[in-house]
Amino acid sequence: MSYRVVQWATGSVGRAALRAVIDHPELELVGCWVHSPDKRGRDVGEILGRAPVGVRATDSLDEILALPADAVIYAPLLPRAKEVAALLRSGKNVVTPVGWFYPDDEQAEPVRQACLAGGTTLHGTGIDPGGVTEVFPLMLSAMSAAVTFVRGEEFSDIRTYGAPDVVRHIMRFGATPAEAAAGPMRQLLDGGFRQSVRMILDTLGFGGNPEIRTVHETAVATTPIESPIGTIEPGQVAGQRFHWEAVAGGETVVRIGVNWLMGQQHLDPPWTLGAEGERFEIEIDGDPGTFVTIRGWQSEPGDPPEAENPGIAATAAHCVNSVPYVCAAEPGIRTSVELPMVAGRAHPRFTTGSR
């Protein structure tokens, strides 16, 4: 069976999602929404630097709503609940990396009603949040009894992240510590990462209404640091840490977070990524405990600047691979703990002959 898919937005995640849709044996690309007027009317293959695929981009919501499609991969920089609700009401399932991972019932009610009106499903997923911070820790927790602590954490050199405008203007690298603290990043991250913490708490059965707190720390440059967003001058932000912790009975029972550095030199405090370098870590304290290091989702030294960031590709792939499962799900907002295990698909060279 082939599911007809629309890609919403063609930023770094959107372009990676387009490539994954085209290569997925069960999906057919039928539409693409773009934000930039200069992309309107262009073949999606041209936008990707590939051969034409026969699908032209549009910046019209009405055109997308009118398309006969099964699912939309909704990947803008910032989500708009009204857009998502309109897509759901039009009969299109929605998979997105920008929210609704484990939403609060009251806040999610408008899109939930849109799901019921359209007979459709909304699913939030990705990598961080949407993967390392809750899905994979919960999967690994199946190997432990009497769990007392869960951790999911990212350690990244942010110089390899392929979205310089986001790094400069939203993450606020290169700003003063006060400007970074007052910027939009904490609020944006809070929305997703707190949902990750609550998914773990609820699924594992931690009672007592644990307190969830956010910790944000910055490190500044001590000498000029050259970076993809320009020179970061002394006193400007060159490292950030965000952590979300759930405390129950005086104990920290869940801790998820990100550690983002502009390299590992000339920082105050003198943060580093440690001897292990860039990685994702998952830790479960229980009987027995589990410690997992994940590599491959960050760029390697020597990768060309134009190379796709693996973390972005992984985020997109998790969304794309979820589409068949979401299309088969009952209407409503469906979280990762409600869907079957999502799996990838073989390379097209192994599947083309069987289609």
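What you see is a predicted model, and the numbers here were worked out from it, not measured in a lab.
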Checklist line | Min side-chain heavy-atom separation M143-I284 under 4.5 Å | finding: no
Margin query: With a 3.5 Å distance limit and no angle check, can you tell me whether H123 reaches the backbone of R334 through a side-chain donor-acceptor pair?
Written below: yes
Next item on the list: Please confirm whether the backbone N or O of D157 pairs with a side-chain atom of T160, one donor and one acceptor, at under 3.5 Å?
Entry: yes
Check: What are the two closest heavy atoms between C115 and P331, and how far apart are they?
Finding: O-CB, 4.2 Å
Margin query: How long is the straight-line distance from CG of L339 back to CD of E330, given to the nearest 0.5 Å?
Written below: 11.5 Å
Notebook entry, point to check: Within the side chain of N259, is there an N or O that forms a donor-acceptor pair under 3.5 Å with the backbone of E154?
Noted result: yes
Check: With a cut-off of under 6.0 Å to the ring centre and 45° to the axis, is R241 in cation-pi contact with W271?
Finding: yes
Next item on the list: Give a yes or no on whether the backbone of L65 and the side-chain of K92 come within a donor-acceptor separation of less than 3.5 Å.
Entry: yes
Notebook entry, point to check: Listed by chain and number, what are the salt bridge (charged side-chain N to carboxylate O under 4.0 Å, His left out) partners of E276, not counting sequence neighbours?
Noted result: R295
Notebook entry, point to check: Can you find a side-chain donor-acceptor pair between E226 and T231 that sits under 3.5 Å?
Noted result: yes
Margin query: Please evaluate residues I225 and L267 with respect to the criterion side-chain contact (heavy atoms from CB on, under 4.5 Å), reporting the C-alpha separation (whole Å), side-chain torsions for both, the decisive distance (0.1 Å), and the verdict.
Written below: CA-CA 9 Å; I225 297 175; L267 300 178; 4.1 Å; yes
Next item on the list: First locate atom CD of E153, then atom CD1 of I282, and finally report the distance between them rounded to the nearest 0.5 Å.
Entry: 11.5 Å
Check: Any side-chain heavy atom of V98 within less than 4.5 Å of one from L78?
Finding: no
Next item on the list: Indicate, with yes or no, if W33 and I73 share a hydrophobic cluster defined by side-chain heavy-atom contacts under 4.5 Å among Ile, Leu, Val, Met, Phe, Trp and Tyr.
Entry: no
Next item on the list: Mind running side-chain hydrogen bond (donor to acceptor under 3.5 Å, both in side chains) on T293 and E281 for me, showing each step along the way?
Entry: CA-CA 5 Å; T293 300; E281 289 183 351; 4.6 Å; no
Note to self: Strictly below 4.0 Å, N to O, side chains only: are R172 and E179 in salt-bridge contact?
What the structure shows: no
Next item on the list: Report the residues that fulfil side-chain contact (heavy atoms from CB on, under 4.5 Å) with L116, sequence neighbours left out, ordered by chain and then residue number.
Entry: Q113
Check: Do the ring planes of W297 and F136 sit parallel (below 30°), tilted (30 to 60°) or perpendicular (above 60°)?
Finding: tilted
Checklist line | Linked, directly or transitively: V220 and M185 (ILVMFWY side chains, under 4.5 Å) | finding: no
Checklist line | Test side-chain contact (heavy atoms from CB on, under 4.5 Å) applied to I229 and M262, step by step | finding: CA-CA 10 Å; I229 64 170; M262 283 287 185; 4.0 Å; yes
Next item on the list: Flag the pair Y161 / M171 as yes when at least one side-chain heavy-atom distance between them is below 4.5 Å, and no otherwise.
Entry: yes
Next item on the list: Heavy atoms only: give me the nearest A75-A9 pair and the separation to one decimal.
Entry: O-CB, 3.5 Å
Check: Would a hydrophobic clustering, with Ile, Leu, Val, Met, Phe, Trp and Tyr connected at side-chain separations under 4.5 Å, put L67 with V53?
Finding: no
Notebook entry, point to check: How about D287 and S144: do any of their side-chain heavy atoms sit closer than 4.5 Å?
Noted result: no
Margin query: Between V44 and L29, is there a side-chain heavy-atom distance shorter than 4.5 Å?
Written below: yes
Notebook entry, point to check: Going hydrophobic residue to hydrophobic residue with side-chain gaps under 4.5 angstrom, can you get from V135 over to F206?
Noted result: yes
Notebook entry, point to check: So, does N93 use its side chain to make a donor-acceptor pair with the main chain of C327 at under 3.5 Å?
Noted result: no
Item checked: Straight-line distance of T290 OG1 to L140 CG, nearest 0.5 Å -> 6.0 Å
Check: Checking Q298 side chain against F155 main chain: does a donor-acceptor pair fall under 3.5 Å?
Finding: yes
Item checked: Nearest heavy atoms of V254 and I200, plus distance in Å -> CG2-CG2, 3.7 Å
Checklist line | Interatomic distance, S36 atom OG to R42 atom CZ [nearest 0.5 angstrom] | finding: 9.5 Å
Notebook entry, point to check: Are R4 and E28 ion-paired here, with the side-chain N under 4.0 Å from a carboxylate O?
Noted result: no
Checklist line | Exam field: side chain Q195 to backbone F101, donor-acceptor pair closer than 3.5 Å | finding: yes
Note to self: Strictly distance-based, threshold 3.5 Å: is any side-chain N or O of Q7 a donor or acceptor partner for the main-chain N or O of G31?
What the structure shows: no
Item checked: Residue pair T96 / L122, side-chain heavy-atom distance below 4.5 Å -> yes
Check: Between S60 and R40, is a side-chain hydrogen bond (donor to acceptor under 3.5 Å, both in side chains) present by the stated rule, with each step listed?
Finding: CA-CA 9 Å; S60 167; R40 181 178 56 214; over 6 Å; no
Check: For the residue pair A85 and A114, what are the closest heavy atoms and their distance?
Finding: O-CB, 3.6 Å
Check: Any side-chain heavy atom of P310 within less than 4.5 Å of one from S299?
Finding: yes
Check: Going from CZ on R80 to CG on L61, what distance comes out if it is rounded to the nearest 0.5 angstrom?
Finding: 10.5 Å
Margin query: Quick check against the 3.5 Å criterion: does E251 have a side-chain atom that pairs as donor or acceptor with the backbone of A248?
Written below: no
Next item on the list: Measure across L138 and S141 and return the closest heavy-atom pair with its distance rounded to 0.1 Å.
Entry: O-OG, 2.6 Å
Next item on the list: Consider only side-chain N and O atoms of T218 and Q240, and report whether a donor and an acceptor are under 3.5 Å apart.
Entry: no
Item checked: L201 and V253: CA distance, side-chain angles, deciding distance, side-chain contact (heavy atoms from CB on, under 4.5 Å) verdict -> CA-CA 8 Å; L201 292 171; V253 295; 3.8 Å; yes
Item checked: R56/D43 ion pair, N-O < 4.0 Å -> no
Next item on the list: Look at R198 together with D190 and state whether they make a salt bridge at an N to O cut-off of under 4.0 Å.
Entry: no
Notebook entry, point to check: Do P269 and E217 have side chains that get closer than 4.5 Å, going by heavy atoms?
Noted result: no
Check: Is the backbone of V13 close enough, under 3.5 Å, to the side chain of R15 for a donor and an acceptor to pair up by distance?
Finding: no
Note to self: Classify the ring geometry of Y74 against W8: parallel below 30°, tilted from 30° to 60°, perpendicular beyond 60°.
What the structure shows: tilted
Notebook entry, point to check: Checking side-chain contact (heavy atoms from CB on, under 4.5 Å) for the pair I127/H318: CA distance, chi angles, key distance, verdict?
Noted result: CA-CA 7 Å; I127 183 173; H318 203 183; over 6 Å; no
Margin query: Ignoring hydrogens and geometry beyond distance, is a side-chain donor-acceptor pair present between E63 and T58 at under 3.5 Å?
Written below: yes
Checklist line | From CD (E134) to CE (M199), nearest 0.5 Å | finding: 5.0 Å
Checklist line | R89 versus T120, side-chain donor and acceptor atoms under 3.5 Å | finding: no
Note to self: Tell me whether the rings of W244 and F242 are parallel (<30°), tilted (30 to 60°) or perpendicular (>60°).
What the structure shows: parallel
Margin query: Count I, L, V, M, F, W, Y as connected when their side-chain heavy atoms are under 4.5 Å apart, and connections chain through other members. Are L88 and V326 then in the same cluster?
Written below: no
